[in-house]
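Single-structure report; data block below.
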Amino acid sequence: MDVSHLLDELNEAQREAVSAENGHVLVLAGAGSGKTRVLIHRLAWLIQVNHVSPLGILAVTFTNKAAGEMRERAGNLLQVSTRPLWIGTFHGIAHRLLRMHFKEAGLPEAFQILDSEDQQRLLRRIIRDEGMDEAHWPARQAQWFINARKDEGERPEHIEHLDHPVTSTWVHIYKIYQDYCNRGGLVDFAELLLRAHELWLEQPAVLDHYRKRLQHLLIDEFQDTNAIQYAWIRMLAGNTGRVFVVGDDDQSIYGWRGAKVENVQHFQRDFPDVRTIRLEQNYRSTGTILDAANALIRHNTSRMGKNLWTAGEKGQPISLYAAFNEQDEARYVVDRIEQWIDSGRRADDCAILYRTTAQSRLFEEYLLRKNIPYRVYGGQRFFERTEVKDALAYLRLLHNPNDDAAMERVINKPTRAIGQKTVSLIRLQARESGLTLWQAARECIEQGVFATRAGTAVKAFMDLVVGIRERMSDWTLGNQMQGVIDESQLTTHYEKEPPERTETRLENLRELVNAADAFAMPAEDADAGLTELQSFLSHAALEAGDTQAENWEDCVQMMTLHSAKGLEFPLVFLVGMEDGLFPHQRSVEEAGGRLEEERRLAYVGMTRAREMLCLCYAEVRRMHGQENYCRPSRFIDEMPAELIEEVRPSIGASRPYRPARPTGGLSMESPSAPFKLGQHVIHPKFGEGTVLAFEGSGDNVRVHVNFLDAGAKWLVLAYANLQAL
DNA sequence: TCCATTGACGTTTTT
DNA sequence: CGTCAATGGA
């Protein structure tokens, strides 16, 4: 068979990776170096050249999107069905294993996945029931604690320092929470991974089966693996499996949620004879952008080391705009985008990248004002919307009445006279007898615990659920979905909301029915023996869907730096480049390499740009209702000054005038200002005040001063007779 | 049960 | 400043 097409279009390092024989491979793939391509060609190589059965390959990614892309591209390249290949996310694969081996894993067949919102609600419930002060013991923190522990592979009994009161309290909550989950057959995201790991640990026969079968492991985004994922890979590989990992330690930006960059280094230590290959040729950005990015990332210690280069052009210098404030920053960026579009380029070639989600607002305002279409990434996704989750909760309850999270959610939605008091009674009963809410409710009815009216209401609710289940068991998924919505009267609950809101909710419910109708169970779920309903519910939990329905017209792209990873755009704006915002204050203060992670984030952001990179910072930024005077980000100083070109506001424009500000190494020949922003001054008539702003130039410079007594005033500098204090 | 007001909080997010 | 959640009165 002619396999030249697998290597022909690759550079030398890429070929070496794709065709590596024997042993383990670590590919250090710089940004834009063709990482995905290498992974896919490797997959094809194993099958076509090494004649590995597709059944013997496991390819793992972090997101569903990446998994889907890999399957599709592999299919195109191989021209055969990719169905037997195991390609998926860590969570997806763990889920599949648990479905196939639910007994060995100690789970009920009808186990359900708990998403993070469900998890948090359940924890809030538990903390309340324990009679603890929610202000002191926030559910969010409990969630963080539990997930972090699970990510480290720890069960409550493994956690030491029980003498530490805070830790021991969280361990206590962890225990109770886990009991709830076990009783109701609920599995949170971290639990999927932990259980899958424990399955192998405790069931050598199962592990052995997969070790024999899955001889080739391909792992994408290896720098994002956490402790349990790493342990899982090691265990599956055993002494015979061959592991091919691709990653970039310089792009590790998820340390805060448990990812361990160290895994990249540990891989060389823990696996014998690792061949390390660096992909350093970049096919994305201009030389200038790469030089600046390289210079920046060189400030990090403990790197594996890499230097990106390109055979392409130097390109334009990076531009740096020192905005007067965040308004000016947004105005400037939107103006430049407008120019770009006017020059015949596309809006969706432009991306605005920021550190925190809150920063998007102003840009949206200005884009709206100019009528430029935009799209904000992130935000709530389809299967996370309230109404969708409500409807799904009913479906979950049909499938597994012991699902406490679902029960809590819909027992009184729409209101059916089951108030807080009644629900408390059920909870109490559940707690005392170690039952699920559903079981406890039944017991309460039998024992006549409720007042007559409440008892009737609870009974009616349970009859409703049972009734639906019995009547609809052989309906199609779409009809079941519609039936559940109709019979639960869920829509009456939303009709009390403002009409606009109601309409969206109903629309989303219709879309949910459509989704159920159109749902085709993935082959691998069928293989794992799932029912269609099980498959659909897992799909909803594991793949929360897109933020919005496809609205892919030519839009300016806006997103946080984190969500930009893996993407590329001709024109990139990196905004809010101020110390305190980026790098974020919290990261600067905290020890433990947080600053280095911020720097990697900047590196990720810069390397998104293909042609043109534009950095912006504001000298004054309003945050939390306060004006802050900002220093430009230290990251700007870490780039070579000769690659950066200061953009100055055009002279005479009615734009606030900027005083000089040291920007390490940059030639900043701005006209010297008599006062600095934030300087305390005194005026013969108005008294003491603070300089807020300047405007105009030469003799026309006006100054904005906030006086302690007289308030804020604009004064012509030449006449104002201000004195510095 | 519902709306309105008040208060606390403020980094990043996928599964 | 702006958001979201919780509380409390009608």
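In what follows, every chain begins at residue 1, and chains take the letters A, B, ... in the order their sequences are listed. Basis for what follows: all heavy atoms, side chains included, without hydrogens, waters or symmetry-related copies.
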Quiz item: When you check the gap from the basic side-chain N to the acidic O, do A:E134 and A:R128 get nearer than 4.0 Å?
Solution: yes
Quiz item: How far does the P atom of C:dC4 sit from the matching atom of B:dT13, given to the nearest Å?
Solution: 15 Å
Exercise. Quote, to the nearest angstrom, the C1' distance that separates C:dA5 from B:dT12.
Key: 22 Å
Quiz item: A:R96: what forms a side-chain hydrogen bond (donor to acceptor under 3.5 Å, both in side chains) with it, not counting sequence neighbours?
Solution: none
Exercise. For the residue pair A:S535 and A:D525, confirm or rule out a side-chain donor-acceptor distance under 3.5 Å.
Key: yes
Practice problem: Could you tell me which residues satisfy ring-ring contact (aromatic ring centres under 6.0 Å, His included) with A:Y603, sequence neighbours excluded, listed by chain and number? | Solution: none
Self-check item: Letter per nucleotide, 5' to 3', of nucleotides 3-10 of chain C [B base touched, S only sugar-phosphate touched, - untouched; heavy atoms, 4.0 Å]
Solution: S--S----
Quiz item: When every nucleotide of nucleotides 5-15 of chain B is labelled 5' to 3' by its protein contacts under 4.0 Å (heavy atoms), B for base, S for sugar-phosphate only, - for none, what sequence of letters results?
Solution: -----BBBBBB
Practice problem: Just call it for A:N412: base, sugar-phosphate, or nothing, with non-hydrogen atoms closer than 4.0 Å on any strand. | Solution: sugar-phosphate
Quiz item: Which residues satisfy the side chain to side chain contact (heavy atoms under 4.5 Å, CB included) test with A:S563, sequence neighbours excluded?
Solution: A:M559, A:T560
Practice problem: Scan for salt bridge (Lys or Arg N to Asp or Glu O under 4.0 Å) pairs involving residues 187-201 of chain A, sequence neighbours excluded, and state none if there are none. | Solution: A:K150-A:D188, A:K150-A:E191, A:R155-A:E191, A:R155-A:E198, A:E191-A:R195
Exercise. Examine A:R99 relative to A:F111 and say whether NZ or CZ is less than 6.0 Å from the centre of the six-membered ring and inside a 45° cone about the ring axis.
Key: yes
Quiz prompt | Pi-cation contact, A:Y377 with A:R375 (under 6.0 Å, within 45°) | solution = yes
